[in-house]
Protein chains: 4
Amino acid sequence: MAKTHKPSTPIEPASSGEGRGAPPAASYRAERAAERRAAIVDAAMDEFIARGFTATRLDDIAKRAGVAKGTIYLHFKDKESMFEELIRTAIVPLVGRLTGPPPPGRSVRDAIEGFALTFIAEVANTRRADIVRLIISEGPRFPAIADFYYREVISRGLNGMRALIELAIARGEIRQPELARYPQILVAPAIVAVIWKSLFERHSPLDAIAMFRVHLDLIFGERSKS
Amino acid sequence: MAKTHKPSTPIEPASSGEGRGAPPAASYRAERAAERRAAIVDAAMDEFIARGFTATRLDDIAKRAGVAKGTIYLHFKDKESMFEELIRTAIVPLVGRLTGPPPPGRSVRDAIEGFALTFIAEVANTRRADIVRLIISEGPRFPAIADFYYREVISRGLNGMRALIELAIARGEIRQPELARYPQILVAPAIVAVIWKSLFERHSPLDAIAMFRVHLDLIFGERSKS
Amino acid sequence: MAKTHKPSTPIEPASSGEGRGAPPAASYRAERAAERRAAIVDAAMDEFIARGFTATRLDDIAKRAGVAKGTIYLHFKDKESMFEELIRTAIVPLVGRLTGPPPPGRSVRDAIEGFALTFIAEVANTRRADIVRLIISEGPRFPAIADFYYREVISRGLNGMRALIELAIARGEIRQPELARYPQILVAPAIVAVIWKSLFERHSPLDAIAMFRVHLDLIFGERSKS
Amino acid sequence: MAKTHKPSTPIEPASSGEGRGAPPAASYRAERAAERRAAIVDAAMDEFIARGFTATRLDDIAKRAGVAKGTIYLHFKDKESMFEELIRTAIVPLVGRLTGPPPPGRSVRDAIEGFALTFIAEVANTRRADIVRLIISEGPRFPAIADFYYREVISRGLNGMRALIELAIARGEIRQPELARYPQILVAPAIVAVIWKSLFERHSPLDAIAMFRVHLDLIFGERSKS
DNA sequence: TATGAATGAGTGTTCATTCAT
DNA sequence: TATGAATGAACACTCATTCAT
C-alpha cells in the first residue's frame, strides 16, 4: 500500500490554464491538480511495468495513486492515451542527458564510457530498465509509441553514437571504420544488460558496468592502465 | 490477417492416445487430433505474438485455428498453461541446433559465424524473433517461463559460447581473455537485431548479418580478405 | 474411483426386445447392456444425491459408471429424463413393502412400529434418505416428479396409514379420532429423522428408532412394559 | 412472476459508507445503495428458491432486481457468498421471535401453540417455507450453511423447546418425560407442513394449524373445550 | 452397440468508462 | 474538481449433446 519509490519523472501539470508565474496564492488548486496528476502518472508507471498494458487495471492505479477512479479521467482521455503519454514523458528526459553534450577534451572512449556509466546507473539498474522492456513489449501493439520512440530516442541516439564513432575513427582511437555503420553494436551490451536485469537477475546477477568495459576494450583496444 | 507461415513446431499429440486394441499404426483419429492440436498451437502463437498474453482472446485463437472454443480445452488445461507450453515447445528445438556441434577443424570464428548465421536466419528473420520478444515481454509475469528459459536456453547457450571463447583464446584467435566472463557480449548484437526487427524494421531496415560480421571483426580482429 | 456400494435398486433392462425367457446363449449382449444400464443408474444416483440435478455432470456419471459419455444416451434420452426415471425406479420398490401387508393378529402399534423400523432401517439410515432429500430438493422444479411421487407414494402411504389409524381407533388403541385426518403426524418424526441425518448427523447424532418409539408412546399411550 | 412480497430482511449497506465529511444523516447515495442491495437480495431469494443454487443465473437475478449484472458484485463477493449470506440473513430474524420469550402465566401448551401458530403463519404459509426447503436442499453442499443453521437456529430452538417441555412435565401438563429427549417430535409436524406446502399443496391442501392442534392434543392430552 | 472428440451456447466474473452527486 | 456506484460488453471456461468412427 505504501509508496516508497519516488516518481520516476518530473511531471508538469497539463490541465489548468495558469502559467508558471501565476500568483502563488490563487494557484493552490492547480498545484493540487499537478500533485494528483503526478501521483497518477507514477502509480500507472508502476502498474504498467508490473503487468503490461492490458493486464493493468485502472482500479489499481487509482488505489495506488490515492485517488478515485474517475479522477484519472480528468487527466487522461482513456487508458490507451494515458499509456502512450506515460511512455513519452518517461523517456524524453533521458535523451537530453545521453546524447546532449559533445565530447570535451577527453578521449572518445572516456566520453562513451561516461555515457554508458550514466545509462547503466540510471537505466539498467533502475525502474527505467523496465520501461525499456515495456516499450519492447508493447511497441508492436502501439505503433504510435514505436514511432515516437524511434524518432525521439533511437534515431537521435544512434546519430549521436555514430558521430562519436566517426570522431574516434578520425582520431585513431577506433580502427574499425565499419563500426560507424552499426552504432547498435556499441550499445548492444547495454540493451542486453537491461533485458537481463528484468528477466534473469535472480538466476545469475550481471555486472553491467564490468561487462560494458570489456566491450569497450574490444572496440578501443585494451586499456593500457587502470 | 493471412496465415502464410508453416506451423512453427512439429507437435505430437499428448492427450488422446489410441484405444486399447487399436492398431499401432497411427489411427485416423489420432492423426486428426494431432492436426487440430498443431492448428491450435500455430494459431495461438500468432495471436500471442500479435497481442501478448492477456490481450489474446481464446475465441480468436479458436477461430484462427478453425476449431470450436471448447476444443482448445481438450488439449490445454487453460490459457496460462497453453501459453507456457507454447513457449517451451517453440524454443527447445532451437537449442540443439545452436549449442550442439562443437567446432570441427574450422576456426572458432567460422564456427561462431556459422551459428550466428543460423540464428539470424532462423530466428531474427522469422516469426521466432517475435517469440523471443514475447519471452522478454511476459517473462516477468511468468516466472515459470523465465526459469525454464534460463535453464534450458540461456545457461546452456552461454556455456557453449564460453567454451568456444576459451578455445579461441587458447588458439590465439581472441586476445581479450576477459571476454570469456561475458559471453553475452558475443551474442548481444544478435539480440539487438531480434528486437530491432520487431520494433523498428519498418523505420529503418537492419542487415543483421552484416552487423554481426562487423561485431566479429571487433572480437577476432579484422578479416584479411573475404 | 472404486465403487464400493451396491446398486441401490434392482434394475431391469429396458432396451432389448427379448423377454425374460430368451435363450440364455443369445442374450449375452442384452445382459451386458443391462449391466451397463445398472451401472449408469447407480452412478447417476450417487452423483445426483451428492450434487443435485443441475450441478451433476454427465461426465462424472460416465466416469463413475465406467462407460463413455455417449453410452448414457443409448439408455436415456437426456439428463432430465434420466433423472426422472431414476427417481421413479428408486422409490417404487419401497412402496410395496411399506404399505403392502395389512396387520395380521398383532396390535396396530406393533404393525406400525414394524413399518417404522423397516422404514428407518432401510431409508433413514441408508442412501435412500438422500433420495428423499433429493425429491424434496428438486420436486418443485420437476412437477412430473412431485406428481408421480404424490400419486405413487404419498397418497398410497397416507391412505395406508389412515386405514391403520382407523383400525386402531376402532380397537381402542388410539383415543384421538382426529388423528385419522392427519396421518402425516404419524410419520412426521420419520421424515424429520431423514432430514436430520442428511444435514445434522455430524453435529448431533439422532437415534431415529428411539425417537420414533417415544412418538408412538404419545399416540398409543405409554407402553406398560417393554 | 410478480413480486408482491416485501424484502425479507432489513438490510443495511455494508460497503459504501458515507464520505469523510458527509453529513451523518443518511445520505441520498447510501439510501439508494441500500435500496439496490435490498432489491438484489429479494430477487436472489426468489430465484434461488425457484431454481436452487446452481441453476440460478446471476443474469436473472440482476434482471429481476432491475440492476446491471456488475452491480451484484458491488454487494457480494461471488454467487456462493451471496447465497450463504442470503440464507443467513433470511433466517436469523426468526430465531428471536420463536425462542425468545419464555412463557408468562399461561399454560405451556398455550405458549407452544402460540409459537407454532406464529411459525406456521410466518413460515409455513409464506415464502420462508421455501427457504427452509432450500436449506434442506443445499445444506449438504454448503457445510457452512448447515453449520450456521445448526448453531444459530436448530440447537437454540431445540433447547428452547426442551426447556418448555421440562417445564410442562414439572407442571404435570405433559406425562411423557421421554419427550424432553426428543424435542424434534414437538416440531416435526411443522416441518412436515413446510415440506408439504412446497411439494404437494396443489395436490392436496394441508391445514397446518389444525394438524398441529391435533399433534398438541396427542402431547398434552385432548383439550377439554376450545 | 460403444466410444469420446468436437461442438457452441451458456454462465460467472472482470473492468474500462460514465455520470449523478 | 473529485468521487465511486453503476453499467454492460467482453472474456475464460464448462458441459449437455451429437456423431463419425
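Chain letters run A, B, ... following the sequence lines, proteins first and then strands; every chain starts at 1.
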(request) Return the 5'-most residue of the pair C:Glu80, D:Thr71 with respect to DNA chain F, ranking by each residue's nearest nucleotide. (result) D:Thr71
(request) Find which nucleotide of DNA chain F each of B:Lys79 and D:Val67 is nearest to by heavy atoms, and output the residue with the more 5' nucleotide. (result)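 Per heavy-atom nearest nucleotide, the more 5' residue is D:Val67.
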Could you pull out the closest heavy-atom pair between [X] and [Y], with the gap in Å?
| X | Y | result |
| --- | --- | --- |
| C:His75 | C:Thr71 | CD2-O, 3.4 Å |
| B:Gly52 | B:Thr56 | O-OG1, 2.7 Å |
| B:Thr54 | B:Lys79 | O-NZ, 3.1 Å |
| C:Arg141 | C:Ser137 | NH2-O, 4.2 Å |

(message) Has D:Asp59 got a side-chain atom pairing as donor or acceptor with D:Ala62's backbone, closer than 3.5 angstrom?
(response)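 No; judged by distance alone, with no hydrogens or angles, the pair does not exist.
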(request) Check for a donor-acceptor pair, side chain of D:Asp46 on one end and backbone N or O of D:Ile49 on the other, with a separation under 3.5 Å. (result) no
(request) Considering only NZ, NE, NH1 and NH2 on the basic side and carboxylate oxygens on the acidic side, decide whether B:Glu85 and B:Arg88 come within less than 4.0 Å. (result) no
(message) Any base atoms under 4.0 Å from D:Lys69, or only sugar-phosphate, or nothing? Heavy atoms, all strands.
(response) base
(request) Check each residue of residues 49-59 of chain A for a non-hydrogen atom within less than 4.0 Å of any atom in DNA chain F, then write out the ones that pass by number, or none. (result)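 Those residues whose heavy atoms fall under 4.0 Å from DNA chain F, taken from residues 49-59 of chain A, amount to none.
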(message) Please confirm whether the shortest side-chain N or O distance from C:Arg36 to OP1 or OP2 of E:dA2 is below 4.0 Å.
(response)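 Yes, because at least one side-chain N or O of C:Arg36 sits under 4.0 Å from OP1 or OP2 of E:dA2.
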(request) Would you tell me if any nitrogen or oxygen in the side chain of B:His75 comes within less than 4.0 Å of OP1 or OP2 on E:dA5? (result) no
Using atom [atom1] of [X] as one end and atom [atom2] of [N] as the other, report the distance to the nearest whole Å.
| X | N | atom1 | atom2 | result |
| --- | --- | --- | --- | --- |
| A:Ile40 | F:dT1 | CD1 | P | 12 Å |
| A:Ile72 | F:dT3 | CD1 | C1' | 12 Å |
| D:Phe76 | E:dG12 | CZ | C1' | 16 Å |
| A:Tyr73 | F:dA2 | OH | C1' | 15 Å |
| A:Asp60 | E:dC15 | CG | C1' | 10 Å |
| A:Leu74 | E:dT17 | CG | C1' | 13 Å |
| A:Ile61 | E:dT14 | CD1 | P | 18 Å |
| D:Lys63 | F:dG8 | NZ | P | 12 Å |

(message) What does the 5'-to-3' dot-bracket notation of DNA chain E look like when only Watson-Crick and G-U wobble pairs under 3.5 Å count, and pairs to other strands show as |?
(response) .||||||||||||||||||||
(message) Please identify which of these residues, A:Ile87, A:Ile40, A:Ile61, A:Thr89, meets the side chain to side chain contact (heavy atoms under 4.5 Å, CB included) condition with A:Met45.
(response) A:Ile87
(message) Ring-plane angle category for D:Phe48 and D:Phe53, please: parallel below 30°, perpendicular beyond 60°, tilted otherwise.
(response) parallel
